[in-house]
Engineer: 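Structure provided below as structure tokens; questions to follow.
Numbering starts at 1 and runs along the sequence shown.
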Amino acid sequence: MNKLEKSMGTSIPLGAIYTTKKDGTVIGEYTDLPEFAKFCKKAGLTLLQLLPVNDTGTQSSPYSGLSAFALHPIYIDLTAIPEFAAAYKNADFKKAYDKMIKDFPYSAQGRYNYMGILNAKTDLLNRLYETTEIAKKAEADETLEKWIKKNPWIINYAVYKNLKVKYNQATWKDWSKEDRTPSEKEIKARWNDGALKKNHLFFAWVQMRANEQFKAATDAVKKAGITLKGDMPILMNEDSCDAWALPNIFNHNLRAGSPVDGENPTGQNWGFPTYNWEYLREHKFSWWVDRLKNAEQYYGAYRLDHILGFFRIWAIPARDTTAVLGHTVPYVAMTRDDLHNIGFDDGRIRWLSQPHVHTGLIEDITWNHGTAVAILSKFMNRIGNEELWLFKDTLTGDKDIYEADLSAFCEGDAQQRCKDALSKAWQNRCLIEVTTDHFVPVWTYYTSTAWGSLNDGEKNALKGLFDRKEWEQNKLWETQSDEILSTLTKSVDMVPCGEDLGAELPCLPYVMEKNGILGLRVNRWTRRWKENGQPYVPLNEVTYLSVTTTSVHDSTTVRQWWQEDRGGSSMFVRTNPWAFGIDGFDQNRINETANSPFSPEIAEGYLKGVATANSVWIINPLQDFMAMEKKYWTADSNAERVNVPGSVNDFNWTYRMPVTVEELEKDDSLIGKIKAIVALHK
């Protein structure tokens, strides 16, 4: 990687861009990027970051990809397709197109209708394909044939998408057996099936047109002197083309997530399969390398989402609903002999690794001993004649509990309470037996009944063993991540960036720096959390190889943060009074500013302060720049957010600009303020 110069830019979801350069704008499209780049250039911004633009099907989240390679059809500019003019002469096509424009008008204060627009565009692309007789000529189209040869991933994708249509968009895990688990040979045979060829070529044609538009747009952005930064989600949707066609790349028995923390008492289960790194290693990580090479045709930089996952992923059994019994992969296990050596016999090991449930747990709900015994017998084996039970070996997760029918024993609320109690009991263990006679500690082992029953000597011995294995794991994580990341970063010329928020692995900074990967520093969270008062890291001490930002797509904007976290915003003013034009000794003005409501002046001062961070790059969301002009504020600051983690609704991922790009280009006041901020980042 060549030596980087300090640069500043902005980030925006592609669908949010609003331009009047053409009629029929219902969502930001690939062809809108050059116009947005004009605004960036005028404001002195030389970096432009997008959220992922891969096909996500019916999911609005850009991190729920159906393909690691295919672009999202929703961003295709229909009017820029060469065949559009001919299709628009067809009365039925014209009527359908005009209806889409009428049904989804651009509202500067509203979110866009993801599913409505997706369905309308999908219908119109199909109509365009049929109306202009592309379908009849596609098989003999030399341009399309050459594009397919250059993009071999399209075969799996086209067959998969056609099957999704056949099964009414149902997950591939619900397809018939012959379609659910085909071999590579069977997929190619289906691709070449004459009766299906026209349908397969439709998806290839759509991807070719999307590629043409995005490539032309990104070339124009590059020509304007702006580096476009893409986003590479680390995980793939379980219901994705890649997970279906390339099962060896994934571990379908595990799901990725994150462990228990203060905000997530049962952790996070993202529902995405983890990777089979052994298989990927055997194949020189070629699937990942191909992803990056495909992205390189568009981007000059890329963001590796959740880079911690390349070091170790939090892996959760597929049949668990929570992340409580997850564990890191890779891991260094404790053997049964290790536990014997510190004084734990097989009986004590069973006590630590298998929940012991008393009959009273269920009897307290059913108020009947016989009913409690009957319910427990469905899931557990009794220990002799005791009122203690152990879960059956056939149980693979608490989904088995929740999916069971207990209506013969209890009804309504009582049935749910029994299931909740048993699920909680399922999680109540100190150790997880990951493979026969190999154990790892539960993340919250110290809250388990088994741990609480140990004496101090036993706790110290067990904790000492945990710590020794943890040290060994850190070396393992360092080795794995360096091997993967060095392969990836050397495979392309793009500037690598990594989302390393919340990561505290000792080896992580070293591996990232060694491989020239820029970390992420969200200013409001770049603090010394373990020190009294949790002060900000001084801006001039922020890691050079990093990207500083004022906020991210999963957080509040600066405006909302200032309104809701007065402690953090007040501390920033007291730490950086000069950014607000205040003498550091003028306590009255410092106090007044720290306690003042949010205003365009506050936004400008905050952005000026952040601009002096030592990070080589600073990339702030467009919303935070627009906060310097009150006319761009939405009535509710929450409406400026892109996503609210932990929620699934029509609000998330459907943010759109409250003003056209053309209006921003003419806003000399905003542009002047941004240029002044850019000048501070030297």
Side-chain angles (χ1 to χ4, degrees), residues 251 254-269 274 277 308-317 320 322-356 390-391 397-398 424-481 500 502-511 529-530:
N251 186 334
L254 296 172
R255 298 291 176 271
S258 61
V260 171
D261 59 36
E263 295 182 359
N264 301 284
T266 58
Q268 296 181 52
N269 186 335
T274 61
W277 286 116
L308 184 61
F310 292 97
F311 291 74
R312 55 91 171 147
I313 200 78
W314 189 252
I316 306 155
D320 270 357
T322 74
V324 173
L325 297 184
H327 58 83
T328 62
V329 173
Y331 59 85
V332 175
M334 297 168 284
T335 65
R336 189 172 290 271
D337 286 342
D338 288 333
L339 293 165
H340 286 165
N341 291 337
I342 60 171
F344 290 88
D345 62 21
D346 287 345
R348 296 293 274 166
I349 293 173
R350 187 182 76 171
W351 172 248
L352 291 169
S353 61
Q354 297 187 42
H356 289 56
L390 297 175
F391 283 102
D398 64 353
K424 192 170 183 180
W426 173 259
Q427 300 164 14
N428 184 12
R429 59 187 88 197
C430 180
L431 300 178
I432 301 169
E433 189 171 8
V434 284
T435 59
T436 304
D437 293 335
H438 288 79
F439 306 84
V440 294
V442 174
W443 187 264
T444 52
Y445 66 84
Y446 48 84
T447 66
S448 66
T449 299
W451 176 265
S453 71
L454 302 181
N455 61 44
D456 288 344
E458 291 173 320
K459 288 180 180 178
N460 289 336
L462 198 55
K463 183 63 167 61
L465 181 57
F466 292 171
D467 290 343
R468 290 195 294 277
K469 297 297 181 180
E470 178 75 9
W471 185 87
E472 292 178 36
Q473 283 187 154
N474 271 289
K475 297 301 293 181
L476 181 62
W477 297 336
E478 178 181 331
T479 301
Q480 170 173 289
S481 60
D500 56 347
E504 296 184 358
L505 297 186
C507 62
L508 187 138
Y510 163 74
V511 173
W529 295 104
K530 295 180 181 179

Engineer: Between N269 and A323, what is the shortest heavy-atom contact and its length?
Structural biologist: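 Heavy-atom minimum between the residues: N-CB, 4.4 Å.
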Engineer: Should the pair R350-D346 be classified as a salt bridge under the 4.0 Å nitrogen-to-oxygen rule?
Structural biologist: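 So R350 does not pair with D346 through a salt bridge.
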Engineer: How far apart are the closest heavy atoms of I313 and G309, and which atoms are they?
Structural biologist: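 Looking at all heavy atoms of both residues, the shortest contact is CD1-CA, 3.7 Å.
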Engineer: With the threshold set at 4.0 Å, does a side-chain nitrogen-carboxylate oxygen contact exist between D338 and R468?
Structural biologist: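 No, no charged N to carboxylate O under 4.0 Å.
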Engineer: According to salt bridge (charged side-chain N to carboxylate O under 4.0 Å, His left out), who are the partners of K459, at least two apart in sequence or on a separate chain?
Structural biologist: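 So K459 forms no salt bridge (charged side-chain N to carboxylate O under 4.0 Å, His left out) with any residue.
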Engineer: Sequence neighbours excluded, which residues qualify as ring-ring contact (aromatic ring centres under 6.0 Å, His included) partners of W477?
Structural biologist: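 With neighbours one apart ignored, the set is empty.
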Engineer: Should we say atom CG of N455 is surrounded by more than 12 heavy atoms from elsewhere, each under 6.0 Å from it?
Structural biologist: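 Correct, the count exceeds 12.
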Engineer: Determine whether L339 and L465 satisfy the following criterion, side-chain contact (heavy atoms from CB on, under 4.5 Å), listing intermediate values before the conclusion.
Structural biologist: CA-CA 8 Å; L339 293 165; L465 181 57; 3.9 Å; yes
Engineer: Take Y331 and Q473, measure what side-chain contact (heavy atoms from CB on, under 4.5 Å) needs, and give me the verdict at the end.
Structural biologist: CA-CA 6 Å; Y331 59 85; Q473 283 187 154; 3.3 Å; yes
Engineer: Do V324 and W426 come close enough that some side-chain heavy atom pair is under 4.5 Å?
Structural biologist: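 Side-chain contact under 4.5 Å: no.
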Engineer: Could I get the full list of salt bridge (charged side-chain N to carboxylate O under 4.0 Å, His left out) partners for D337, not counting sequence neighbours?
Structural biologist: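 Result, salt bridge (charged side-chain N to carboxylate O under 4.0 Å, His left out) vs D337: none returned.
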Engineer: Under 6.0 Å from the OH atom of Y510, do we count more than 12 heavy atoms belonging to anything else shown?
Structural biologist: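 Atom OH in Y510 is not packed in, count stays at 12 or less.
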Engineer: Classify the side-chain pair H356/N428 by whether it contains a donor and acceptor separated by less than 3.5 Å.
Structural biologist: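 Checked: H356/N428 side chains show no N/O donor-acceptor pair below 3.5 Å.
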Engineer: What are the two closest non-hydrogen atoms of L325 and P317, and how far apart are they?
Structural biologist: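 So the two residues come closest at O-CD, 3.7 Å.
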Engineer: Return yes when atom NZ of K424 has more than 12 non-hydrogen atoms of other residues, nucleotides or ligands closer than 6.0 Å, and no otherwise.
Structural biologist: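 No - once you tally the heavy atoms of other residues, nucleotides and ligands closer than 6.0 Å, there are 12 at most.
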Engineer: Assess whether atom CH2 of W529 is packed by more than 12 heavy atoms of other residues, nucleotides or ligands within 6.0 Å.
Structural biologist: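 Yes - once you tally the heavy atoms of other residues, nucleotides and ligands closer than 6.0 Å, there are more than 12.
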